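These notes are about the structure you will find just below.
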Amino acid sequence: MINNFSKGFLALLLCLFTGLIIWKKSGSFSYLSSPRDKSIQVECPLETLSCSFETEHGPIGISVNATIKPLAPFIFTLTHEDNFLKNARIHFEGLEDYMGLNNFSFTPTADKTHWQARGSIPVCTTASKTWRVTINLQTPSKISSYWFKLQVL
């Protein structure tokens, strides 16, 4: 006979497994499933509030509604001419040190040529911080990943 501890443990494992499946199906798993070493470095001087870079599906524009500052909310907008995205995420990490999990999901507009994400980044203990910003683009057939450096004062 299975005791109460074993029943609880099995229920916990089942819940964790179910949660992992739901998370993976939602697309939120795409950042972790996209290998960092396959991410392509691009030039994107987002300090000027907008930039664009080439992808295998054509150019992607990215803009932000305000200068990115620690603890200040901002809105990212991705734009592209073709309706090729299924999901998009952006991730901030310290270029040379750990600064927590800073992932934000994009939500498409009605025509799916604009995608928006709301976010903020944590405060740093120095006057400025260089971030590695990674954008994962998921199409029906694959996930592609692009990254660039961003200096925040």
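Keep in mind that this is a model prediction, so the values were computed, not measured. The figures that follow rest on heavy atoms only: side chains count, while hydrogens, waters and symmetry mates do not.
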Exercise. Do Ile62 and Ile40 share a hydrophobic cluster, counting only Ile, Leu, Val, Met, Phe, Trp and Tyr and linking them when any side-chain heavy atoms are less than 4.5 Å apart?
Worked result: yes
Exercise. Do you reckon Val152 sits in the same ILVMFWY cluster as Leu49, going by side-chain contacts under 4.5 Å, direct or chained?
Worked result: yes
Do any N or O atoms from the side chain of [X] and from the backbone of [Y] form a donor-acceptor pair under 3.5 angstrom?
X	Y	answer
Asn65	Ile75	yes
Gln151	Ser128	no
Asn102	Gly100	yes

Exercise. Does the pair Gln116 and Thr107 meet the rule for a side chain to side chain donor-acceptor pair (under 3.5 Å), with working shown?
Worked result: CA-CA 5 Å; Gln116 290 192 324; Thr107 305; over 6 Å; no
For this session: Begin from the C-alpha positions of Ile135 and Val42 and carry the test side chain to side chain contact (heavy atoms under 4.5 Å, CB included) through to its verdict.
Result: CA-CA 10 Å; Ile135 298 175; Val42 295; over 6 Å; no
Taking the side chain as C-beta and beyond, is there a heavy-atom pair between [X] and [Y] under 4.5 Å?
X	Y	result
Arg89	Gln138	no
Trp147	Leu150	no
His57	His80	no
Leu46	Val133	no
Leu95	Lys149	yes

Show the nearest heavy-atom pair for residues [X] and [Y], with the distance to one decimal.
X	Y	value
Asn136	Thr134	OD1-CG2, 3.8 Å
Ala72	Ser120	O-CB, 3.7 Å
Pro70	Pro122	CB-O, 3.5 Å
Gly94	Trp131	N-CE3, 3.7 Å

Problem set entry | Aromatic centroids of Phe53 and Tyr146 separated by under 6.0 Å | yes
For this session: Run through Asn87, Ile143, Leu85 and flag the one making a side chain to side chain contact (heavy atoms under 4.5 Å, CB included) with Leu137.
Result: Leu85
For this session: Decide yes or no on side chain to side chain contact (heavy atoms under 4.5 Å, CB included) for Trp115 and Ile90, but give the supporting numbers first.
Result: CA-CA 11 Å; Trp115 292 63; Ile90 191 164; over 6 Å; no
To the nearest 0.5 Å, how far apart are [atom1] in [X] and [atom2] in [Y]?
X	Y	atom1	atom2	answer
Thr77	Phe74	OG1	CZ	11.5 Å
Glu96	Arg132	CD	CZ	12.5 Å
Glu93	Ile121	CD	CD1	13.0 Å
Phe92	Leu101	CZ	CG	14.0 Å

Can you run down the disulfide bond (SG atoms under 2.5 Å apart) pairs that involve [range], sequence neighbours left out, and say none if there aren't any?
range	result
residues 51-84	Cys44-Cys51
residues 87-122	none
residues 56-104	none

For this session: Count the heavy atoms belonging to other residues, nucleotides or ligands that lie under 6.0 Å from CD of Glu81, then report whether that count exceeds 12.
Result: no
Problem set entry | Full working for side chain to side chain donor-acceptor pair (under 3.5 Å) between Ser145 and Ser39 | CA-CA 5 Å; Ser145 181; Ser39 188; 3.0 Å; yes
